[in-house]
Amino acid sequence: MFNRVEIADVLAGKYLNQEITVCGWVRAFRNNRFVALFDGSDFKTLQVVVDFENTDESVLKKISFHACIKASGKLVESQGAGQNYELLADSVEILGESNPEIYPMQPKQQSMEFLREKAHFRMRTQTFAAVFRIRHGVAFAIHKFFNDKGYFYHLSPSVAASDAEGAGEMFRVTTLDVNKPPRTESGEIDWSEDFFGRATNLTVSGQLEAEIGALSLGKVYTFGPTFRAENSNTTRHLAEFWMIEPEVAFFDIFDNMNLAEEFCKYLINYILQNFPDDIAFLDKRLQDEQNKLPQDQRRAMGLLDTLKFVVENDFERITYTEAVKILRDSKPFKKGKFEFEPSWGKDLQAEHERYLVEKHFQKPVIVRNYPKAIKAFYMRQNERDPDVPGETVAAMDVLFPGIGEVIGGSQREERLEKLRARIHEMHLPEEDLWWYLDLRRFGGAPHAGFGLGFERMVQFITGMGNIRDVIPFPRAPGSAEF
RNA sequence: GCCUUAGUAGCUCAGUCGGUUAGAGCGGCGGACUGUUAAUCCGUAGGUCGUAGGUUCGAGCCCUACCUGAGGCGCCA
């Protein structure tokens, strides 16, 4: 039994003038006397004062950067100015030494690229510890938000049979021998011989299965990993990422937008209230990083200000058609600054979204009613509007500064014949979607939902520039070391 | 997948026009100091300049290919 107490509780003042034991890792050892100790429970470190005159030289030598120690003694009010309490240690035990001559981590700023290669150690840094505490906080807040509103946590499978959504390239799941797979008479791989008796993949989205939940339990949400085998090399894509997909019966596109906005604000508020030290640190970190950039490349607002701004202001809501008009009337378009011409019928490019969010409105924007031709088959077709150049669907995207699309959603097509027609138009395999169509044949209901990229939200809240730095073990093209 | 860019000490970087023995800060190591807050001070050891070719009297620097990282675009969340 260690009977150790946690540093967060110690710093909260629970143990003043008591004999306690703490365990943790060394962040700094100053003057052969002062250990700054962290154990993960708090952003701040506990100052452990080592009685160096009565401590063995061999122990003192091993109190090195990120070594793990156990210290016992009396907790007192600190004589120094940097902290309220400190532990006067009368015994220090080395639990795990860390030879500084070969340990790659150093008590100094190290680059994100370097730390990414040391994924097994990077969580010991202040930045990553803060990011991953917040990641937990966001995950917890997601469940709390939906639970408190009467939603049910719904599990969509990670191994999926359907290729229907077409959300991206997929990872094949198979137990067949890749060197000599069974073949049909015509020479194709015989997937009926495979483990599941058919071809299977890692899921790209849990939405279609979530609709089953919504049309039974009313309000559900998924929260789990999804996989895309796209060769995407950007700061905001992962091959494995977590997605939250609420799906709600008797919801239209406007209910859906309201839910999305309330949800985003709730998550940010939760972190602001529960992780103020971590946010303050990340705010300063981002500021230091920004100061190294040339003036014109800096963010308009700091992290904390951005988060508060999002929470305190209504999201702007516009239609796709209005968005195109704004873009075509914009200065950058007229001056030929856009690489791609915004025109009705073409999808908005990253540069267009960035202009709308960061320049024109300077706040999160929800764009809805996109052209039918550029959106997925299951999105509900709108009535033809004479003021709009073409057919649209009840889709919506929530756009955030810096990271772009954080949410994509829609009201779903509940009308069987319209849905079947769309499936045929897009040459999708109707036979694979039999159960999805059944949901419209038997007890169908209007419903809507959206998908939120978990890591993108964590990226936004922490201000991290690369999405690979907000997931413990990022999966990306050519990268699965840990 | 496409475009751009980078690779020099453990880390972050400098290295002029192609010219002698490749530098700094931090970190490490040795010592001093001992109520420090990224402690401070003194000293010291670290490099096949990503890899393989090529041009040249001479290459860290120029050329070619490859590898790896980063950023942008596309795809999306």
Side-chain angles (χ1 to χ4, degrees), chain A residues 27-36 44-53 60-61 64-66 76 78-83 86 88 98-118 126 165-169 204-207 222 225-245 260 288 292-293 297 338-340 347-354 374-376 397-400 403-409 450-460 465-471 476-479 481:
Chain A
R27 175 150 295 138
F29 187 34
R30 290 182 286 268
N31 271 20
N32 218 19
R33 184 179 222 175
F34 302 101
V35 178
K44 293 189 281 289
T45 54
L46 173 67
Q47 172 148 293
V48 175
V49 185
V50 179
D51 182 5
F52 66 98
E53 282 159 328
L60 290 175
K61 291 284 306 179
S64 61
F65 187 63
H66 284 182
V76 300
S78 178
Q79 296 172 36
Q83 56 282 319
E86 63 190 21
L88 297 180
S98 182
N99 182 353
E101 288 186 61
I102 48 177
Y103 182 54
M105 305 294 280
Q106 296 175 5
K108 56 174 283 193
Q109 290 264 333
Q110 287 179 299
S111 69
M112 289 296 136
E113 294 78 27
F114 177 76
L115 293 172
R116 230 167 269 153
E117 294 171 7
K118 312 292 177 202
Q126 296 189 91
E165 208 199 342
E169 292 294 311
V204 294
S205 162
Q207 179 207 311
T222 72
T226 50
F227 306 85
R228 308 262 167 103
E230 299 285 349
N231 190 8
S232 291
N233 293 289
T234 79
T235 54
R236 51 189 193 285
H237 288 86
L238 290 164
E240 176 184 20
F241 65 100
W242 282 56
M243 193 146 63
I244 300 101
E245 293 159 300
D288 294 344
K292 292 175 193 159
L293 296 174
Q297 286 174 31
F338 285 142
E339 189 184 340
F340 298 92
D347 211 351
L348 300 178
Q349 300 292 317
E351 59 179 349
H352 302 151
E353 296 180 349
R354 199 167 299 135
I374 59 171
K375 287 291 180 181
D397 283 354
V398 179
L399 310 177
F400 268 32
I403 52 173
E405 187 180 342
V406 72
I407 283 178
F450 60 79
L452 177 141
F454 180 58
E455 281 77 15
R456 287 197 183 166
M457 182 53 84
V458 177
Q459 205 185 347
F460 180 75
N466 192 315
I467 200 165
R468 297 177 191 196
D469 297 329
V470 301
I471 186 167
S479 168
E481 180 69 23

**Student:** How many whole angstroms separate atom CE of A:M112 from atom C1' of B:U12?
**Tutor:**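 The answer, rounded to whole Å, is 13 Å.
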**Student:** Do A:R33 and B:C33 have a side chain to base donor-acceptor pair shorter than 3.5 Å?
**Tutor:** no
**Student:** Quote, to the nearest angstrom, the P distance that separates B:A22 from B:A32.
**Tutor:** 34 Å
**Student:** From the options B:C11, B:C75, B:A77, select the nucleotide whose nearest atom is closest to the side chain of A:S232.
**Tutor:** B:C75
**Student:** Rounding to the closest angstrom, what is the interatomic distance between B:U40 and B:C26 at atom P?
**Tutor:**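 About 8 Å, rounded to a whole number of Å.
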**Student:** Remember a base hit wins even if backbone is also touched, and classify A:F34 as base, sugar-phosphate or nothing at under 4.0 Å, heavy atoms.
**Tutor:** base
**Student:** Taking the same atom, C1', in B:U20 and in B:C73, what whole-Å distance lies between them?
**Tutor:** 47 Å
**Student:** Any strand is fair game: report the nucleotide pairing with B:U5 by Watson-Crick or G-U wobble, both distances under 3.5 Å, or none.
**Tutor:** B:G69
**Student:** Mind checking the P distance from B:C62 to B:U16? Whole angstroms is fine.
**Tutor:**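 Going atom to atom, P in each nucleotide, I get 10 Å.
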**Student:** Suppose you measure atom C1' in B:A59 against the same atom in B:C17; what distance do you get, rounded to whole Å?
**Tutor:** 14 Å
**Student:** Checking all strands, does A:E405 fall into the base, sugar-phosphate, or nothing category for heavy-atom contacts under 4.0 angstrom?
**Tutor:** sugar-phosphate
**Student:** Is there a side-chain contact between A:V204 and A:F227 (heavy atoms, below 4.5 Å)?
**Tutor:**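 With C-beta onward as the side chain, the pair stays apart.
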**Student:** Across all strands, who's sitting opposite B:C29 as a Watson-Crick or G-U wobble pair, both distances under 3.5 Å?
**Tutor:** B:G43
**Student:** Expressed as a whole number of angstroms, how long is the span from A:N32:CG to B:U37:C1'?
**Tutor:**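 Atom CG in A:N32 sits about 16 Å away from atom C1' in B:U37.
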**Student:** Looking for any heavy atom pair under 4.0 Å, which part of the strands does A:S111 touch: base, sugar-phosphate only, or nothing?
**Tutor:**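 Result for A:S111 = sugar-phosphate.
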**Student:** For the base of B:G28, is there a side-chain donor-acceptor partner from A:E101 under 3.5 Å away?
**Tutor:**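 No pair found.
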**Student:** Among B:U12, B:A77, B:C73, which nucleotide has an atom closest to any side-chain atom of A:F340?
**Tutor:** B:C73
**Student:** Hey, mind stepping through A:T226 and A:Q207 against side chain to side chain contact (heavy atoms under 4.5 Å, CB included) and telling me if it holds?
**Tutor:** CA-CA 11 Å; A:T226 50; A:Q207 179 207 311; over 6 Å; no
**Student:** If we only count heavy atoms from C-beta on, is the A:K375 to A:D397 side-chain gap below 4.5 Å?
**Tutor:** yes
**Student:** Can you tell me if A:R236 touches the phosphate of B:C73, counting only side-chain N or O atoms and a distance under 4.0 Å to OP1 or OP2?
**Tutor:**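 Result: yes.
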**Student:** Report the distance from atom CD1 of A:I102 to atom P of B:G46, rounded to the nearest whole Å.
**Tutor:** 19 Å
**Student:** I want to check something: taking the side chain as every heavy atom from C-beta on, are A:E405 and A:I407 in contact at a cut-off of under 4.5 Å?
**Tutor:**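 Sidechains of A:I407 and A:E405: no contact.
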**Student:** Confirm from the modelled atom types if A:Q79 and B:G35 form a donor-acceptor pair under 3.5 Å, side chain to base only.
**Tutor:** yes
**Student:** With ring centroids as reference points, do A:F340 and A:H352 lie under 6.0 angstrom apart?
**Tutor:**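 Centroid distance A:F340-A:H352: not below 6.0 Å, so no.
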**Student:** Using a heavy-atom cut-off of 4.0 Å across all strands, would you classify A:A81 as base, sugar-phosphate, or nothing?
**Tutor:**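 Since a base atom lies under 4.0 Å of A:A81, the category is base.
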**Student:** Separation of A:N233 atom CG from B:G72 atom C1', in whole Å?
**Tutor:** 11 Å
**Student:** Please confirm whether any donor atom in the side chain of A:Q110 sits under 3.5 Å from an acceptor in the base of B:U12, or the reverse.
**Tutor:** no
**Student:** How far does the C1' atom of B:C76 sit from the matching atom of B:A39, given to the nearest Å?
**Tutor:** 49 Å
**Student:** Given the C1' atoms of B:G50 and B:U5, what is the spacing between them in whole Å?
**Tutor:** 15 Å
**Student:** Rounded to the nearest angstrom, tell me the gap between atom CD in A:E240 and atom C1' in B:A77.
**Tutor:** 14 Å
**Student:** With a cut-off of less than 4.0 Å, is there a side-chain N or O of A:Q349 near OP1 or OP2 of B:G74?
**Tutor:** yes
**Student:** Would you mind pulling out the nucleotide paired to B:C57, Watson-Crick or G-U wobble, both distances under 3.5 Å?
**Tutor:** B:G19
**Student:** Ignoring the backbone of A:T234, work out which of B:U34, B:C73, B:A70 is nearest its side chain.
**Tutor:** B:C73
**Student:** Examine B:A39: is either OP1 or OP2 under 4.0 Å from a nitrogen or oxygen in the side chain of A:R30? Give yes or no.
**Tutor:** yes
**Student:** B:A70 phosphate, OP1 or OP2: any side-chain N/O from A:R116 under 4.0 angstrom?
**Tutor:**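 So the side chain of A:R116 is within the cut-off, an N or O lying under 4.0 Å from OP1 or OP2 of B:A70.
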**Student:** Rounded to whole Å, please give me the gap between NE2 in A:H352 and P in B:C75.
**Tutor:** 11 Å
**Student:** Could you tell me the separation between the CZ atom of A:R116 and the OG atom of A:S479, rounded to the nearest 0.5 Å?
**Tutor:** 9.5 Å
**Student:** Looking across every strand, which nucleic acid part, if any, lies under 4.0 Å from A:E86 by heavy atom: base, sugar-phosphate, or nothing?
**Tutor:**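 Base contact.
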**Student:** Look at all strands and tell whether A:I407 reaches a base, only sugar-phosphate, or nothing, counting heavy atoms closer than 4.0 Å.
**Tutor:** sugar-phosphate
**Student:** Does a side-chain N or O from A:K61 land closer than 4.0 Å to OP1 or OP2 of B:G28, or not?
**Tutor:** no
**Student:** Between A:N231 (CG) and B:C73 (P), how many Å, whole number?
**Tutor:**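 Distance, rounded to whole Å: 16 Å.
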**Student:** Send over the distance from A:F227 CZ to B:A77 C1', rounded to a whole Å.
**Tutor:** 14 Å
**Student:** Roughly how many Å apart are B:U8 and B:G30, using the C1' atom of each and rounding to a whole number?
**Tutor:**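 One C1' to the other, the span is 27 Å.
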**Student:** Just checking A:F52: base, sugar-phosphate only, or nothing, at a heavy-atom cut-off of under 4.0 Å?
**Tutor:** sugar-phosphate
**Student:** Rounded to the nearest 0.5 Å, what's the gap from CG on A:D469 to OG1 on A:T235? Could you check?
**Tutor:** 10.0 Å
**Student:** Counting any heavy atom closer than 4.0 Å, what does A:G80 reach on the DNA or RNA strands: base, sugar-phosphate only, or nothing?
**Tutor:** base
**Student:** Any side-chain N or O of A:N31 under 4.0 Å from OP1/OP2 of B:U34?
**Tutor:**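 Checking B:U34 against A:N31, no side-chain N or O comes under 4.0 Å of OP1 or OP2.
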**Student:** Contact class for A:K375 (heavy atom, under 4.0 Å): base, sugar-phosphate, or nothing?
**Tutor:**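 If one applies the 4.0 Å heavy-atom cut-off, A:K375 turns out to touch nothing in the nucleic acid.
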**Student:** Taking the minimum atom-to-atom distance to the side chain of A:D347, which one of B:G74, B:U37, B:C76 wins?
**Tutor:**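 The listed nucleotide nearest to A:D347's side chain is B:C76.
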**Student:** Under 4.0 Å between a side-chain N or O of A:R354 and OP1 or OP2 of B:C73?
**Tutor:**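 Yes.
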**Student:** With nearest nucleotide decided by heavy atoms, which residue, A:P100 or A:Q83, maps closer to the 5′ end of RNA chain B?
**Tutor:**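 The answer here is A:P100.
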**Student:** Taking for each residue the nucleotide of RNA chain B bearing the nearest heavy atom, is the 5' side occupied by A:H237 or by A:Q47?
**Tutor:** A:Q47
**Student:** Under 4.0 Å, counting only non-hydrogen atoms across every strand here, what does A:R27 touch: a base, just sugar-phosphate, or nothing?
**Tutor:** nothing
**Student:** Using a heavy-atom cut-off of under 4.0 Å over every strand shown, decide if A:N466 touches base, sugar-phosphate, or nothing.
**Tutor:** sugar-phosphate
**Student:** Could you check B:G31 for me: syn (within 90° of 0) or anti?
**Tutor:**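 You should classify B:G31 as anti.
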**Student:** Tell me, with the steps shown, if A:R228 and A:E169 meet side chain to side chain contact (heavy atoms under 4.5 Å, CB included).
**Tutor:** CA-CA 6 Å; A:R228 308 262 167 103; A:E169 292 294 311; over 6 Å; no
